[in-house]
Amino acid sequence: MKLVATPARRRAAGTRRGAALGAALSLAVLLGGCGSGGGNEKPQTGAELDAAVALPAPLVELDSEGLRARASQALREQRIHTPAGDSAVDYYLALRDREAGQIDVIGALSELQPYVVIAGEQALVDDDLVETRRLLELLARMDPQAPALPRLRDGLHRAELARQQQGRDETQRLIAERAQTAPARREAALLSSAALKAEAAASATAADAAAQRASAIAATETPAVAPPASASTPAAAPAATAPAAARSGRSAPRLLADASPRYPLSALNRKIEGSVEVSFTILPDGRVGAPRLVSAQPAGIFDEAALAAVSRLRFEATGEAHSARRTLNFKLPTR
């Protein structure tokens, strides 16, 4: 579209250009050395680095006069290039795209270009790669031939490569740490396993000792009736033998209370079976005295349990003493 340079149009254009350039120069004095702006929050993900900045509604919906008013207001409020989509540069770019060839708009963008360059360099120094990418795109729209563009693009590329290398180095460091600590973890696991096994062995030994002490205590007790064996508790099957009379012609006392021996825990754990023969004296009041080991198979496994069980037997009181023997068989319960 060719513009007709009438006197009225030239005066209006000169007025607008003078206002825009005056605001930009005043802002240059106020904002000498301005930074990247935009706050301290700097998202750094790769998706954010590649995301395009969408134009906000005002840049699409406003007419030319509205865009000029917004640009002037942004300059007064020192919003040169931030926030994205609501800055003076954004409004002037939208105005240039809508009405190409406007002298005042071109001049304003030329005056604001150094601030965008300075902000892009500061964002790069701050390692804010998202803001650097946005300002680069803004600068490329303002002037695709801007001298600072190659330098900023190269700096952004090197910063992105450094960020990627840093990520790879961190991954390698974590892998190396795991490799160094793996032997220590395995050793700790082995030590823990050995400690658990030792504790289990000590517990089994203590249980055996407790069972033997209980059998010894039971041998000295005289309960009226022996407690019945639990269905879930393994018990030996006693093979009763008729007691022999101390003197010929005397009948053996009648058994009133039988007693099942307790299966030793150590034998139960090792699945050992056996038998023990015990001789004893039936006292005149029916209690058992002087139990003695006659034979045991295997030796030393079921001896205490057999002697304790025999001590709990109770016979009919005859007023006389009788000698007797009893064989106790220890069989593992069938399932």
Side-chain angles (χ1 to χ4, degrees), residues 194 196-248 250-335:
L196 290 175
K197 290 179 179 179
E199 183 178 355
S203 298
T205 302
D208 290 346
Q212 292 177 359
R213 287 194 299 271
S215 299
I217 294 173
T220 62
E221 295 176 349
T222 57
V225 179
S230 171
S232 61
T233 304
T241 57
R247 291 182 293 274
S248 60
R250 299 290 184 180
S251 60
R254 183 165 55 91
L255 179 64
L256 298 179
D258 204 348
S260 297
R262 296 181 178 87
Y263 215 109
L265 182 60
S266 59
L268 183 64
N269 291 337
R270 291 182 287 175
K271 302 185 184 309
I272 299 176
E273 296 181 341
S275 63
V276 178
E277 184 178 5
V278 179
S279 66
F280 55 92
T281 299
I282 303 174
L283 301 177
D285 59 2
R287 293 183 296 111
V288 171
R292 295 176 300 278
L293 186 68
V294 177
S295 62
Q297 185 64 34
I301 302 296
F302 303 102
D303 303 5
E304 296 295 334
L307 291 173
V310 169
S311 298
R312 295 196 301 272
L313 298 176
R314 291 296 178 267
F315 294 87
E316 181 182 15
T318 61
E320 297 181 355
H322 299 269
S323 297
R325 288 191 177 189
R326 190 177 183 87
T327 299
L328 296 95
N329 296 317
F330 293 82
K331 298 291 183 183
L332 292 170
T334 58
R335 297 183 182 276

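Not measured: the values here are computed from a predicted model.
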How long is the span from the CZ atom in R314 to the CG atom in D258, to the nearest 0.5 Å? 12.0 Å
Using a 4.5 Å cut-off on heavy atoms from C-beta on, say whether the side chain of V310 contacts that of L328. yes
Would you find a donor on one side and an acceptor on the other, under 3.5 Å apart, between the side chain of R312 and the backbone of S260? yes
Provide the closest heavy-atom pair for A321 versus T281 in the form atom of the first, atom of the second, distance. CB-CG2, 4.2 Å
For the residue pair Y263 and F330, does the interplanar ring angle fall in the parallel (under 30°), tilted (30 to 60°) or perpendicular (over 60°) class? perpendicular
Below 4.5 Å, heavy atoms only, C-beta onward: do V278 and V294 meet side chain to side chain? no
For the residue pair P264 and F302, what are the closest heavy atoms and their distance? CD-CD2, 3.7 Å
Quick one: closest heavy-atom pair of L283 and G289, and the distance? CG-N, 4.0 Å
Taking the side chain from R326 and the backbone from A324, do they hold a donor-acceptor pair closer than 3.5 Å? no
Measure the spacing between CZ of R325 and CZ of R292 and express it to the nearest 0.5 Å. 9.0 Å
Does the side chain of F315 reach to within under 4.5 Å of the side chain of V288, using non-hydrogen atoms? yes
Which heavy atom of F280 sits nearest a heavy atom of P291, and at what distance? CB-CA, 4.0 Å
Is the side chain of E277 donor-acceptor paired with the backbone N or O of S295 at a distance under 3.5 Å, no angle test? no
Using 0.5 Å steps for rounding, measure from the CD atom of E316 to the CD1 atom of I282. 10.5 Å
